Amino acid sequence: MSNCFSGNEAVAYAMKQINPDVMGAFPITPSTEIPEYFAQYVANGEVNTEYVTVESEHSSMSVCIAAEAAGARSVCATSSCGLALMYEMLYVAASCRLPITLACVTRALSGPININNDHSDSMGARDTGWIQIYAENNQEAYDNFIMAMPIGETASVRLPVMTCMDGFITSHAVENIEFLDTEVVRKFVGEYNPENYLLKKENPLAVGPYDISAYYMEHKVLEAEAMKAAKARILEVADEFAKISGRHYGLFEEYRMEDAELAMVLIGSSAGTAKAAVDQLREQGVKAGLIKVRVFRPFPGEELAQALSKTKAVAVMDKSEGFSANGGPLFAETRSALYDLKQRPHLIDIVFGLGGRDLKTEDVENIFARLADIAATGETGPVYTHLGQRQRRK
Amino acid sequence: MSTVYDLKREVEKPERLTGGHRLCAGCGAGVVVSGVLRALEKEDRAVIVNATSCLEVSTFMYPYTAYTDSFIHSAFENSAATCSGAEAAYNALKRRGKIDGTVKFITFAGDGGTYDIGFQSLSGAMERGHDMVYVCYDNEAYMNTGIQRSSSTPRFTRTTTTAVGSAQQGKKQNKKDLTEILVAHNIPYAAQTAPMGNFRDLHSKAYKAIYTPGPCFLNVLSPCPRGWDYPMAKLPEIIKLAVDTCVWPLYEVEEGVWRLSYTPKKKLPVEDFLRSQGRFKHMFKQGNEWMIEEAQQYVDQKWDKLLERTGA
């Protein structure tokens, strides 16, 4: 089945097909349409989800936490400051090992207030213990949401999953995408039947203890082990998903990387622009390639290092500013992952696209020209720079 | 509750808050919780929610829980939202035929977690109309962090953030009237109570709150021996003084109808309540007589207004 849907509608439609037990709903641009579409499904009787219209994102995540702990499959959607307001509860969700699914429609964080896309919201939540899967386009946003529950709910993982798509660019742009039949989706996602839950008659459960130093560390190590285990499960679910959809997903996508000497690493919708530029460069004989990171948590460090091992120069593109004065979060992870290679490529970090600033094919071409220079001279120049901002008048 | 209240029979029920928890001797919170939970019908299950509080860290320290029912705590400011999430799950799973039996949803939070940081979450849950009970055990300050003022702390009280010195003597503001604010939410049942005497008032109000469909609120006075500075054996006496001085009137509002639950045989002077606790000690210093006078005026004014509202 093929349809013209925006990214938001595609995710809302996936939610409808799954028919979760509970949804915590609170509006924030640009994710607002997701609870809006869902409200219509509720009003039409197309789902029988308990739809809880809370008074804040903090409460939305709190509702999801308690509902999931009580034995109900729970979902919500948010963006930007909404995700920031949830931060405290994101850690709680993960540490309680509650496989909630959250659609994060990425948007710049305040301040100043800005409603357009970058990854400062989701990157701020990267260490909360949530699995993070990023979409390039509407199709991937839909597919990732359907894969989220089989990943998060599996016994070896039991972690919440954040499926991310770029605000406005993906959430509001309409594209032709392929849907799966609802029956197929329901069979793929399955019923949520946790082993222990608050409402279990035979065995009461206590969730959220005061955990003293005699136990806290053990619990955190278990959480860390679960995140490690998630990598294999993500690939397993992707294989199963390929069987029902014909669409193949990995931890990241390699685009024209077979013999690439110069490469770009990035996340999300900018990959579309970058792929177009790579095609043009290839036509000119430049050995350019691209890696689009799909799974940021767990971070596919070893696999990424392997994929970049034959390159000479790599530009890591960060769509968020980490204020570390040492580059953005994707750069920090990528550079760390490459350290173990015997022969490492030269690496630069480019922070771009903040608050909705465009990335154009010519920007990508210029970056590859710089990479070609670095590969030829062995001189990287400034490692960490910003792209697309107006210059300050001297 | 068709039969007449009988304390002896009630205390023969199995305790739902079991002994061995780590609350202080002479603390009101444990008494409040066991008193409220005793109002549950024996065959009904419950999901108990706690805000982060003395109560939470004392009753569920890993790997021990003092509750015989299911329990969840997740943070300080969100216990009402948490309770509403559990109740939403119950509705969803019931509708889908995945669970059976009756489960009740009861939240306990201190005054910090209710009057202050959890206020928005509470207001939201009450407005949405979840079938739940929210119990505030009001000990009039942030006791878990070491006695800091909250908006529930009465005027003139000494806390660690409303110090007594030459330039300022205790808290400057009056206590927020939270019960009235909850009444203004037009919920089916809101009441003020205390674990006093034979616990009849607490029991009957807890029963009503638990078995009235929709969101219900109980504000329960819960003295703290550390924060209020009284000998632990004096807990029942302090509660009785709070009620008999009309500092803490017992009343309920059922479907918008105000009802006074208790009229003191002899309304005692506020001074009697103030004198019983170290937190008001400075009010008895020479030159501070005006504080006691103004405290009395405030209580009288509130009491008269309540009498008017309840038609008593």
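Order of the sequence lines fixes the chain letters, A, B, ..., with proteins taken first and strands second; residue numbering starts at 1 for each chain. Predicted, not measured: the structure shown is a model, and the values here were computed from it.
Among residues two or more places apart in sequence or in another chain, the side chain to side chain contact (heavy atoms under 4.5 Å, CB included) test is passed with A/Y87 by A/L83, A/A84, A/L90, A/L109, A/A125.
Remark: the B/N219 side chain and the B/T179 side chain contain an N/O donor-acceptor pair separated by less than 3.5 Å. Using modelled atom types and a 3.5 Å distance limit, the side chains of A/N8 and A/E33 yield a donor-acceptor pair. If you check the side chains of A/Y142 and A/E9, you find no donor sitting under 3.5 Å from an acceptor.
For the options A/A70, A/S62, A/A72, heavy-atom pairs under 4.5 Å to chain B are most numerous at A/S62. With respect to chain A, the highest number of heavy-atom pairs below 4.5 Å among B/S123, B/A125, B/P63, B/C83 belongs to B/P63. For the set A/N203, A/V54, A/N193, A/V52, the entry with the most heavy-atom pairs within less than 4.5 Å of chain B is A/V54. Ranked by heavy-atom pairs under 4.5 Å with chain B, the first of A/A206, A/P20, A/G24 is A/A206. Listed options A/H58, A/R73, A/K200 were ranked by heavy-atom pairs under 4.5 angstrom with chain B; first place goes to A/H58.
Looking at A/E191 and A/R186, no side-chain N of the basic residue comes within less than 4.0 Å of a carboxylate O on the acidic one, giving no salt bridge. Ion pair A/E223/A/K220 flagged as a salt bridge, since at least one NZ, NE, NH1 or NH2 atom sits closer than 4.0 Å to an Asp/Glu carboxylate oxygen. Residues A/E153 and A/R97 are not paired through a salt bridge, judged by the lack of any N-O separation under 4.0 Å between the basic side chain and the carboxylate. In summary, A/D127 and A/R297 engage in a salt bridge, as defined by a charged side-chain N under 4.0 Å from a carboxylate O.
Contacts between residues 127-151 of chain B and chain A, counted as heavy-atom pairs separated by less than 4.5 Å, involve B/R128, B/H130. The stretch residues 91-99 of chain B places B/N91, B/A92, B/L93, B/R95, B/R96, B/K98, B/I99 near chain A, each with some heavy atom under 4.5 Å from a heavy atom of that chain. For a heavy-atom cut-off of 4.5 Å, chain A lies close to B/T68, B/D69, B/S70, B/F71, B/I72, B/H73, B/S74, B/A75, B/E77, B/N78, B/A81 in residues 68-81 of chain B.
Between B/P14 and B/K42, some side-chain heavy-atom pair lies under the 4.5 Å cut-off.
For A/N196, no part lies under 4.5 angstrom from a heavy atom of chain B. Using a 4.5 Å cut-off between heavy atoms, B/Y90 touches chain A through backbone and side chain atoms alike. For a residue to count as touching a neighbouring chain, one of its non-hydrogen atoms must lie under 4.5 Å from one of that chain's; by this rule A/M61 does not touch chain B. For A/V92, the part lying under 4.5 angstrom from a heavy atom of chain B is the side chain only. Using a 4.5 Å cut-off between heavy atoms, B/V57 contacts chain A through both its backbone and its side chain. In this structure, chain B has a heavy atom under 4.5 Å from the side chain of A/I212, while its backbone stays farther away. The parts of A/T49 that come within reach of chain B are both its backbone and its side chain, each placing non-hydrogen atoms under 4.5 angstrom from that chain. Neither the backbone nor the side chain of A/E68 comes within less than 4.5 Å of any heavy atom of chain B.
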(Q) I'd like to know whether B/Y211 forms a side chain to side chain donor-acceptor pair (under 3.5 Å) with B/D44, so could you lay out the CA-CA distance, the side-chain angles of the two residues, the decisive distance to 0.1 Å, and finally the verdict. (A) CA-CA 11 Å; B/Y211 290 100; B/D44 290 343; 2.6 Å; yes

Q | ring pair (Phe, Tyr, Trp, His ring centres under 6.0 Å) evaluation trace for B/F60 with B/Y64 | A | CA-CA 6 Å; B/F60 185 22; B/Y64 305 107; 9.9 Å; no

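The six-membered or imidazole ring of B/F119 lies away from that of B/Y115, with a centre-to-centre distance of 6.0 Å or more. A distance below 6.0 Å separates the ring centres of A/Y13 and A/F179. Ring-centre distance between B/Y62 and A/H219: below the 6.0 Å cut-off.
The main-chain N or O of A/E55 is never found under 3.5 Å from a side-chain atom of A/S59 such that the two would form a donor-acceptor pair. Using a distance-only test at 3.5 Å, with no hydrogens or angles considered, a donor-acceptor pair links the side chain of B/S222 to the main chain of B/A29. Within the 3.5 Å criterion, the main-chain N or O of A/L205 finds no donor-acceptor partner in the side chain of B/Y67.
For A/K16 and A/Y41, the positive end sits near the middle of the six-membered ring, less than 6.0 Å away and at most 45° from its axis.
Here the straight-line distance linking atom CE of A/M162 with atom CD of A/Q132 works out to 5.0 Å at 0.5 Å rounding.
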